[in-house]
A.B. asks: 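This is the structure I have questions about; it appears just below.
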Amino acid sequence: MFRFAYPILTLLLLLLAGIFPAGAVESVRVPADASAIDLTRWVENYSSQGDRIQVSTAPGSDGIVRRIEVHARESGGHPAWIVFALTNDTDEQMERLIVAPHFRLVGSGVIWPDLGSERIAEITASQGIAPEKEESTDADVFRLTLDPGATVTYVAELKTPKLPQLYLWEPEAYKDKNTSLTLYKGIVIGIAGLLALFLTIVFVVKGAVIFPAAAALAWAVLAYICIDFGFWGKVFGSDVNADRIWRAGAETVLSATLVVFLFAYLNLSRWHVRASHVAGIWLMFLLALAGLAVYDAPVAAGVARISLATIAAVGLILVLYLATHGVERAVMLIPTWLLLVVWVCAAGFAVNGSLANDLASPALLGGLVLLVMLIGFTIMQSAFASGGVAHGPITDVERKALALTGANDIIFDWDVANDQIFVSPEIEDQLGLKRGELEGPAASWMDLLHPLERDRYRACLDTVLEQRRGRVCQDFRLHASDGHYFWFRLRARPVVGQDGDVVRLVGTLADVTDQKNALERLLHDAVHDNLTGLPNREIFFDRLELALVQAESLAELRPTVICVDIDRFRKINETVGVSAGDSILLTVARRLGRLLQPRDTLARISGDLFAIILVSESQTEQIVNFADRIRRAISTPVTFANREIALSVSVGIALFDPQWHPKREDMLKDAEIAMRHAKREGGGRIEVYRPSMRTQGSNRQALENELRHALERDEIKLFFQPVVRLEDRTVAGFEALLRWRHPRLGRVEPAEFLPIAEETGLIVDLGLFALQRAARELAAWQKALDVQPPIFVCVNVSSRQLLRHDLLTDVKNVLTRTNVLPYSLKLELSESLVMENPEYSAQILGRIKELGAGLALDDFGSGYSSLAYLQRFPFDTIKIDRSFARSQEALGQNDRASMLRSVVALAHDFGMEAVAEGAESESDVIEFSQIGCEYAQGFAFGHPLSAADARKLVGAAAEPAI
């Protein structure tokens, strides 16, 4: 029993002291001829042993296992320990080197990689001579002495918990290995340095953006190799911890320069602006990572290694994608980038420990230099494949030759002495001629020239020979084989010989057919109507003046001016659309043209107004009969989209009378006065101008003058037509209407003064007046009533108001000053007005909606009648036009109700409310309610009310504050 008491007591004492004894280690036999032994797998690691460790030694030659205790260099610490044993079976004493590299790329890892450190602090031998530490910048080296037949156990105190590798080297072999590696490192560093210097010099010489990117990559590789080979520490004397920071920073910069090179070489900025953003963000991230290396080198290095692999993968995808889309630079980069991907894969295997050969790290660094060399060759090939002349200095002659090639002009060379013309073959291909057909004597061109240009061509050449100086700039036409003519511009100058005579005429021929056609088109459009192709006002006046001048000398010539205007054309445009209106104008122009004689002139003066200079008829009765033929010809309905449109015209005639029409403008003006008189009589009429009509025309001018002062005199009043909620027959809102109470003329109808206001621009002031007055009344009603939903007012907006940029400012000011509830002040716009310019209307209406104003689509059904357009505009209300509601009378009552119900349901699907116009009877009200309309307005609910009566109707007695 007492035999086991002592060991147990010893173990308890050791436990209390914090010392854990280790078992005996296995000894490694050291042959005399072994140059190097990898001890890494024979080493036993111990941690958490405190500042002392007790181990059992390997059995000696006598088989006895002994115990040794080793103390750390600094008491109180907890270093990591390793234990290994060596046996010398020979009869000779051995000297060996224990080598622990500071940094080893193989097995360093990707996440939080091992960037190197001092590994062994001290080695203690169980017997014999104590190991001696030797000086080395890239490894911890200890010299050991093994006695013959001895087995020695070594306990090493580590400075880091991890020991990547431990080798036992024969001193001379280790020296030879370092010598050979030093030579290899020097060669690799030299090649990398020369390559970086070469690319830098090329950048200075060439200046292209890819050269500084490649040079930066080469310098980054050089810096990384110098750090990895220890050259950096030898030159600057840095310690191991500083090398860790430099190594992490170098790996980060290497990734960043690779991003810059890929972006610059593939010129990714021209493909998409997002490529620049991604590259910029990536680059800024890597540069920030380089700063992080100072504080946490392993984290920075790990992210840099992941980034390098990502760049290789993304770059391969980009290169292959651009190569398949015909980018020549990407095609040239494919071999180099594939090798880069292979290198990255090999480096990944090495850092993960899968590739554990000691030569892996030097080979990878040498491969990296070769990759940079291939990149340099690739960019040099790319730069010079596009032509060195494009980047280097060129002579003036070469520059002119390049400019001539770039201009794509045809060379013209006339050898005067031999009378031979040479031209580039492109002109013969264009004209469809055989090769050499344009080469020969100058006179051979006469048959190909347009007859009108032959004399000018001959005179031009003769002038050059005679003057012996100057420049030629002539346009002429050449006949093609298919019968067409092409315009060419000859620009040339004579070359004078020593005797002063012209020996050559050298220049270029440029095809200017498109320019000539465009010029002719511009000249045609300047004096013709773009839609109908008829003469416009300018040609009309020119021909009228010519006819009046001829009438002074020819008694039988009595020119007559006839104005033809389509009745209610604006309403037709609003009903069937602008495209149908254009078709009607073309139809009317063709019908009028068929009635005229060659001597007569038909012109489109404006809009739907046509004017005729009639010289083929001179008798008044014949002229009136001709006008009647015009009226009857145009009255034939026009079919558009399976719909017949009936037309009528008002015709005004101004007969020739020198006393009435001293000027050409007066004759057209009198014809227009007669035409307007026919329109006032109901349209579809023919009127011959009489001097008394000027007095009637002056009445309209007087009405216009009165209208200009109507607002100042408070003659314009605002009336309100109720809009009733069909659910409970209560007043939901009003539509604001303008009325004119003239002190002398009495009530002037809106149909009479609103067109004048629209033509003169006074509608803008009237519209702003209606908007301000309606908002004031609405604010007073809302303040007095406080009902939900709030009462609203609709105000009409004209085309001139919509086209003004001040409309937004006016609406904003009115809403701000009156404080009406949001979207209760609604702006009404007609369907045809919105569709005149849909894109502009959508933009303006959206901004009006943002200000807080409501939007109502007025007269729906009178224009395009398509709810599909409503998705583009932010309307909240549509007002179904009375003509649309009653235009279905040809259908049955059930069909009519079904169509209206569908329109209302579709409007509801778009989130809009529907207001039915034209409720003139109780039956209309019931029908509109049944089809789902929320509101209705019309004479069934009363006539438009004054502001005071409207206040009483809604129960708001207070008047608005001014």
A.B. asks: Tell me the salt bridge (charged side-chain N to carboxylate O under 4.0 Å, His left out) pairs involving residues 931-949, sequence neighbours left out?
C.D. replies: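 Residue pairs passing salt bridge (charged side-chain N to carboxylate O under 4.0 Å, His left out), neighbours aside: none found.
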A.B. asks: Can you list the residues that meet the salt bridge (charged side-chain N to carboxylate O under 4.0 Å, His left out) rule with D628, with sequence neighbours excluded?
C.D. replies: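 For D628 the salt bridge (charged side-chain N to carboxylate O under 4.0 Å, His left out) partners, ignoring immediate neighbours, are R631, R632.
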A.B. asks: Within the structure provided, determine whether L718 and E777 are in side-chain contact (heavy-atom separation under 4.5 Å).
C.D. replies: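 A side-chain contact is absent here, since even the closest heavy-atom pair is not under 4.5 Å.
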A.B. asks: Report the residues that fulfil ring pair (Phe, Tyr, Trp, His ring centres under 6.0 Å) with Y935, sequence neighbours left out, ordered by chain and then residue number.
C.D. replies: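 Counting only residues at least two positions away or on another chain, Y935 forms a ring pair (Phe, Tyr, Trp, His ring centres under 6.0 Å) with F792.
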A.B. asks: Give a yes or no on whether a salt bridge exists between E687 and R676, defined as a side-chain N under 4.0 angstrom from a carboxylate O.
C.D. replies: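 Judged by the 4.0 Å cut-off on N to carboxylate O distance, E687 and R676 do not form a salt bridge.
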A.B. asks: For G932 versus H908, what's the shortest heavy-atom pair and its separation?
C.D. replies: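 Heavy-atom minimum between the residues: O-CE1, 3.2 Å.
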A.B. asks: Does E922 have any salt bridge (charged side-chain N to carboxylate O under 4.0 Å, His left out) partners at least two apart in sequence or in another chain, and if so, which?
C.D. replies: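 If we apply the salt bridge (charged side-chain N to carboxylate O under 4.0 Å, His left out) test to E922, skipping adjacent residues, the hits are R729.
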A.B. asks: Apply side chain to side chain donor-acceptor pair (under 3.5 Å) to T816 and list each qualifying residue two or more places apart in sequence or on a separate chain.
C.D. replies: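 By the side chain to side chain donor-acceptor pair (under 3.5 Å) rule, T816 matches no residue at all.
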A.B. asks: Could you measure the distance from the NZ atom of K717 to the CZ atom of R739? Nearest 0.5 Å is fine.
C.D. replies: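 One finds 14.0 Å between NZ of K717 and CZ of R739.
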A.B. asks: Could you tell me whether the side chain of Q782 and the main chain of I791 form a donor-acceptor pair under 3.5 Å?
C.D. replies: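 Checking the backbone N and O of I791 against the side chain of Q782, a donor-acceptor pair under 3.5 Å is found.
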A.B. asks: Supply the atom-to-atom distance I931 CD1 to I926 CD1, rounded to the nearest 0.5 angstrom.
C.D. replies: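 Interatomic distance, I931 CD1 to I926 CD1, rounded to 0.5 Å: 13.0 Å.
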A.B. asks: Can you see which heavy atom on R725 is nearest to which on P789, and at what distance?
C.D. replies: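 Scanning both residues, the minimum pair turns out to be NH2-CG, 3.6 Å.
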A.B. asks: Using 0.5 Å steps for rounding, measure from the CE atom of M667 to the SG atom of C563.
C.D. replies: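 Those atoms lie 10.5 Å apart.
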A.B. asks: Return the set of residues passing salt bridge (charged side-chain N to carboxylate O under 4.0 Å, His left out) with R568 (not counting sequence neighbours), or none when no residue passes.
C.D. replies: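 If we apply the salt bridge (charged side-chain N to carboxylate O under 4.0 Å, His left out) test to R568, skipping adjacent residues, there are no hits.
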A.B. asks: Does any part of the side chain of F941, heavy atoms only, come nearer than 4.5 Å to the side chain of V925, both counted from C-beta?
C.D. replies: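 Yes. Closest side-chain heavy atoms under 4.5 Å.
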A.B. asks: Tell me which pairs pass side-chain hydrogen bond (donor to acceptor under 3.5 Å, both in side chains) where either residue lies in residues 764-773, with sequence neighbours left out.
C.D. replies: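 For residues 764-773, and leaving out neighbouring residues, there are no side-chain hydrogen bond (donor to acceptor under 3.5 Å, both in side chains) pairs at all.
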A.B. asks: May I have the step-by-step check of side chain to side chain contact (heavy atoms under 4.5 Å, CB included) for V820 and V793, ending in yes or no?
C.D. replies: CA-CA 10 Å; V820 298; V793 171; over 6 Å; no
A.B. asks: Has K679 got more than 12 heavy atoms of other residues, nucleotides or ligands less than 6.0 Å from its NZ?
C.D. replies: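 Enclosed: over 12 neighbouring heavy atoms sit under 6.0 Å from NZ of K679.
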A.B. asks: Is the ring pair F720/F734 parallel, tilted or perpendicular, if the boundaries are 30 and 60 degrees?
C.D. replies: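 It falls in the perpendicular class, over 60°.
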A.B. asks: Holding to side chain to side chain donor-acceptor pair (under 3.5 Å), I want the full list of residues that pass it with E706, two or more places apart in sequence or in another chain.
C.D. replies: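 Listed in chain order: R713, H742.
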A.B. asks: Is a side-chain donor-acceptor pair under 3.5 Å present for D565 with S650?
C.D. replies: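 Absent: no donor and acceptor within the cut-off.
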A.B. asks: Taking atom CD of E913 and atom CD1 of I878, what is their separation to the nearest 0.5 Å?
C.D. replies: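 Interatomic distance, E913 CD to I878 CD1, rounded to 0.5 Å: 10.5 Å.
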A.B. asks: Could you list the residues that satisfy salt bridge (charged side-chain N to carboxylate O under 4.0 Å, His left out) with K849, not counting sequence neighbours?
C.D. replies: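 Listed in chain order: D876.
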A.B. asks: Mind checking ring pair (Phe, Tyr, Trp, His ring centres under 6.0 Å) for F769 and listing every partner two or more places apart, or none if nothing turns up?
C.D. replies: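 Counting only residues at least two positions away or on another chain, F769 forms no ring pair (Phe, Tyr, Trp, His ring centres under 6.0 Å).
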A.B. asks: Which residues pass the ring pair (Phe, Tyr, Trp, His ring centres under 6.0 Å) test with H709, sequence neighbours left out?
C.D. replies: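 H709: no ring pair (Phe, Tyr, Trp, His ring centres under 6.0 Å) contacts found.
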A.B. asks: With a 4.5 Å cut-off on side-chain heavy atoms, are L827 and L771 touching?
C.D. replies: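 Answer yes - side chains close enough.
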A.B. asks: Could you grab the distance from atom CG of L829 to atom CD1 of I848, nearest 0.5 Å is fine?
C.D. replies: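 Here the rounded value is 7.0 Å.
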A.B. asks: Taking all non-hydrogen atoms of both residues, which atom of V688 and which atom of A674 are closest, and how far apart?
C.D. replies: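 The pair with the smallest heavy-atom distance is C-CB, 4.3 Å.
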A.B. asks: Looking at every non-hydrogen atom in both residues, tell me the closest pair between L585 and I566 and how far apart they are.
C.D. replies: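 Residues L585 and I566, closest heavy atoms: CD2-CD1, 4.0 Å.
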A.B. asks: Counting N and O atoms only, with roles assigned by atom type, does the side chain of T532 sit under 3.5 Å from a partner on the main chain of D529, one being a donor and the other an acceptor?
C.D. replies: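 No; zero donor-acceptor contacts below 3.5 Å.
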A.B. asks: Which residues pass the side chain to side chain donor-acceptor pair (under 3.5 Å) test with S583, sequence neighbours left out?
C.D. replies: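 Not a single residue meets the side chain to side chain donor-acceptor pair (under 3.5 Å) criterion with S583.
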A.B. asks: Step by step, work out the side chain to side chain contact (heavy atoms under 4.5 Å, CB included) result for T877 and K826.
C.D. replies: CA-CA 9 Å; T877 304; K826 300 178 181 290; 3.6 Å; yes
A.B. asks: Atom CG of D810 and atom CG of L851: how far apart are they, to the nearest 0.5 Å?
C.D. replies: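 Between D810 CG and L851 CG, I get 11.0 Å after rounding to 0.5 Å.
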A.B. asks: Check C933 against I880 and note the closest heavy-atom contact, atom names and distance.
C.D. replies: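 Answer, listing the atom of C933 first, then I880: SG-CD1, 4.3 Å.
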A.B. asks: For the residue pair F875 and L857, what are the closest heavy atoms and their distance?
C.D. replies: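 Looking at all heavy atoms of both residues, the shortest contact is CD2-N, 3.6 Å.
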